[in-house]
Amino acid sequence: MRKRTLILMPIIGLLASAMFLGTGYAAWTMNDSSVDDTIRVDIQDWDFGEISDSAHIANVSQTSNLTASQETALLSDYATSIEAIRLTNTAGTSGVDHSVNVTLDKTYTLGNIATWKVEFDYYHAEKRSQAGKGYPKVQLLYNNSGKGNTYGGGNTISPTSVYLSTDSADGKWWHLEYFITALCPTMSDHGDTVLSPSQLINGVKIVDSNIYDYSGNTAFIIIDNLKLTNTSSQRLGLFNAGTSFKVGKYYWMKIAWSGELQYVNITFIDTSGNPTDEYADYTPSDKSPFYLYGKKAGTIIATATLIVGGGQPLTISNTLTVTN
């Protein structure tokens, strides 16, 4: 069976409009030709301007085990910022969740931000004696009510995680990015349910269970340059809970990215490394380009290739098992 490739025509705003209206993605067209490398452009650098920064004390709507105050001295080096949010521990050395809800600069519909990401700078040098450990978790909000999934946490970030971290030069800050395609995915089919693209989003919840007083010091963290951006991914992530599906059933390969989606293809090899169509088919639809269909019991490695924002192709692979 011939492999099928999806190309999403780069029409500005079309994807967001289709999501909001709940229509099929008419911009996806079938094309068997290879993607011309001459059309590639470099992915844009981060833009951390002050204009849409929501990390201001006036935007803090709720806290748990933290007190919030304005910070004007310890600011991130990633951008010229006039203030940030300092969050001071009130739980001593208790191992509990510390959280803050921050209202965004404006209210968005999920359809408009579905392929964006949450970005912020996070001062972690004085949150515990073992600095540089314990990444925060993130969830989107509407009026302080959680929407979609929560991702983050742990002391390390894998190559397939749906969030990224970049250390500052002094090692005291993380620049963190969380893909909204994983926090609130919208491209689903075959009975899989997701939030409506008309769902309103106006806040971000940040949770950290690794804040402890230490050596007579009261622990604190700082959040700066919090915003939603549509800059393109430098890599992809995966957020499937399982890696098996049955013959005669569909499997949603849950891929996370950010930026305008322009190209999708999924191919398979067997455990010997040979291309194969024996165990599964790639079955893109008007609603989603991320589904596979089980044909025969066996193990395969599925590799997804995406192009976002006109950049170089990005790939991610997962070993999957088709069962009877």
- Query: Is it the case that one hydrophobic cluster holds both I206 and I157, taking links as side-chain heavy atoms less than 4.5 Å apart, direct or via other members?
  - Reply: yes
- Message: Between S288 and S285, do the side chains contain a donor N or O and an acceptor N or O under 3.5 Å apart?
- Response: no
- pair N210-K133: side-chain heavy atoms closer than 4.5 Å: no
- Return the orientation label for the W252 and F239 ring planes: parallel under 30°, perpendicular over 60°, tilted otherwise. perpendicular
- Message: Quick check on the hydrophobic clustering: are V118 and Y151 connected, directly or via other members, by side-chain heavy-atom contacts under 4.5 Å?
- Response: yes
- Message: A quick test of your reading: do over 12 heavy atoms of other residues, nucleotides or ligands sit less than 6.0 Å from NZ of K254?
- Response: yes
- Query: Looking only at side chains, do D170 and S168 share a donor and an acceptor under 3.5 Å apart?
  - Reply: yes
- Message: Could you check whether any side-chain N or O of S215 sits under 3.5 Å from a backbone N or O of N217, counting only pairs where one atom can act as donor and the other as acceptor?
- Response: no
- Taking atom types as modelled, find out whether D121 and S76 have a side-chain donor-acceptor pair closer than 3.5 angstrom. yes
- Nearest 0.5 Å please: distance from the CG atom of L140 over to the CG atom of L183. 5.0 Å
- Rounded to the nearest 0.5 angstrom, the CD-CG distance for E260 and N230 is 9.5 Å
- Task: Taking S161 for its side chain and S158 for its backbone only, find out whether a donor-acceptor pair lies under 3.5 Å.
- Result: yes
- Message: Looking at E71 and A73, would you say the former's side chain and the latter's main chain have a donor-acceptor pair under 3.5 Å?
- Response: yes
- Message: When you group the ILVMFWY residues by side-chain heavy-atom contacts below 4.5 Å and let the links chain together, are V102 and V207 in the same group?
- Response: no
- Message: Looking at T303 and S317, would you say the former's side chain and the latter's main chain have a donor-acceptor pair under 3.5 Å?
- Response: no
- Message: Can a donor-acceptor pair be found, under 3.5 Å and without considering hydrogens, that links the side chain of Q139 to the backbone of G148?
- Response: yes
- Query: Just by distance, do the side chain of R86 and the backbone of F220 share a donor-acceptor pair under 3.5 Å?
  - Reply: no
- Query: Taking the six-membered ring where the residue is Trp, are the ring centres of F268 and Y282 under 6.0 Å apart?
  - Reply: no
- Do the side chains of L141 and I201 get nearer than 4.5 Å, heavy atoms only? no
- Closest approach of V322 to G294 (non-hydrogen atoms, all atoms of both residues): CG1-CA, 4.0 Å
- Query: How far apart are the closest heavy atoms of L320 and A302, and which atoms are they?
  - Reply: CD1-CB, 3.8 Å
- Message: Is any side-chain heavy atom of Y250 closer than 4.5 Å to one of D189?
- Response: no
- Closest approach of K137 to G152 (non-hydrogen atoms, all atoms of both residues): CG-C, 3.6 Å
- Item | Contact summary for T319 and T243, nearest pair of heavy atoms | O-CB, 3.6 Å
- Item | Gap separating the OG atom of S64 from the NE2 atom of H98, nearest 0.5 angstrom | 8.0 Å
- Check: T305/T315 side-chain N/O donor and acceptor closer than 3.5 Å: no
- Item | Derivation of the side chain to side chain contact (heavy atoms under 4.5 Å, CB included) call for N274 and I269 | CA-CA 5 Å; N274 300 311; I269 60 173; 6.0 Å; no
- Message: Please check: side-chain N/O of D167 versus main-chain N/O of W174, any donor-acceptor pairing under 3.5 Å?
- Response: no
- Message: Looking at every heavy atom in both I266 and P289, which two are closest together, and how far apart are they?
- Response: CD1-O, 4.1 Å
- Answer yes or no: is there a donor N or O on one side and an acceptor on the other, between the side chain of D224 and the main chain of A84, under 3.5 Å? no
- Hey, is the main chain of S209 close enough, under 3.5 Å, to the side chain of Y212 for a donor-acceptor pair? yes
- Item | N155 versus R128, closest heavy-atom pair with distance | OD1-NH1, 4.5 Å
- Task: Supply the atom-to-atom distance E126 CD to T88 OG1, rounded to the nearest 0.5 angstrom.
- Result: 10.5 Å
- Measure the CG-OG1 distance between D213 and T218 for me, rounded to the nearest 0.5 Å. 4.5 Å
- First locate atom CG of L87, then atom OG of S69, and finally report the distance between them rounded to the nearest 0.5 Å. 7.5 Å
- Quick one: do the N65 and D97 side chains pair a donor with an acceptor below 3.5 Å? no
- Task: Would you mind reporting whether P136 and Y163 have side-chain heavy atoms less than 4.5 Å apart?
- Result: no
- Message: Given 3.5 Å as the limit, does a donor-acceptor pair link the side chain of D53 with the main chain of A55, or not?
- Response: yes
- Can you check salt bridge (charged side-chain N to carboxylate O under 4.0 Å, His left out) on K227 and D105, steps first, answer last? CA-CA 8 Å; K227 60 192 70 179; D105 57 328; over 6 Å; no
- Item | Side chains of W257 and T115 in contact at under 4.5 Å (non-hydrogen atoms) | yes
- Message: Please determine whether the number of non-hydrogen atoms from other residues, nucleotides or ligands lying under 6.0 Å from atom NZ of K147 exceeds 12.
- Response: yes
- Check: I221 and I223 side chains under 4.5 Å, non-hydrogen atoms: yes
- Among Y293, Y291, F290, the one residue meeting ring pair (Phe, Tyr, Trp, His ring centres under 6.0 Å) with H190: Y291
- Mind running side chain to side chain contact (heavy atoms under 4.5 Å, CB included) on I211 and L66 for me, showing each step along the way? CA-CA 10 Å; I211 300 174; L66 296 166; 4.2 Å; yes
- Task: Carefully, step by step, assess K127 and D208 under the rule side chain to side chain contact (heavy atoms under 4.5 Å, CB included).
- Result: CA-CA 10 Å; K127 76 167 188 169; D208 193 331; 2.7 Å; yes
- For side chain to side chain contact (heavy atoms under 4.5 Å, CB included), just list the numbers for N225 and E119, CA-CA rounded to whole Å, side-chain angles, deciding distance to a tenth of an Å, and then say yes or no. CA-CA 8 Å; N225 298 312; E119 299 193 30; over 6 Å; no
- Task: Is it possible for you to say whether L110 and L228 belong to one hydrophobic cluster, with membership spreading through side-chain heavy-atom contacts below 4.5 Å?
- Result: yes
- Item | CA sep, side-chain torsions, deciding dist, call: S233, S258, side-chain hydrogen bond (donor to acceptor under 3.5 Å, both in side chains) | CA-CA 5 Å; S233 301; S258 64; 3.3 Å; yes
- Task: Please examine the side chains of P159 and R235, heavy atoms only from C-beta on, and report whether any two atoms are closer than 4.5 Å.
- Result: no
- In one Ile/Leu/Val/Met/Phe/Trp/Tyr side-chain cluster, 4.5 Å: I57, Y122: yes
- Query: Is there a side-chain contact between T109 and L200, using heavy atoms and a 4.5 Å cut-off?
  - Reply: yes
- Donor on one side chain, acceptor on other, D270 and T276, under 3.5 Å: no
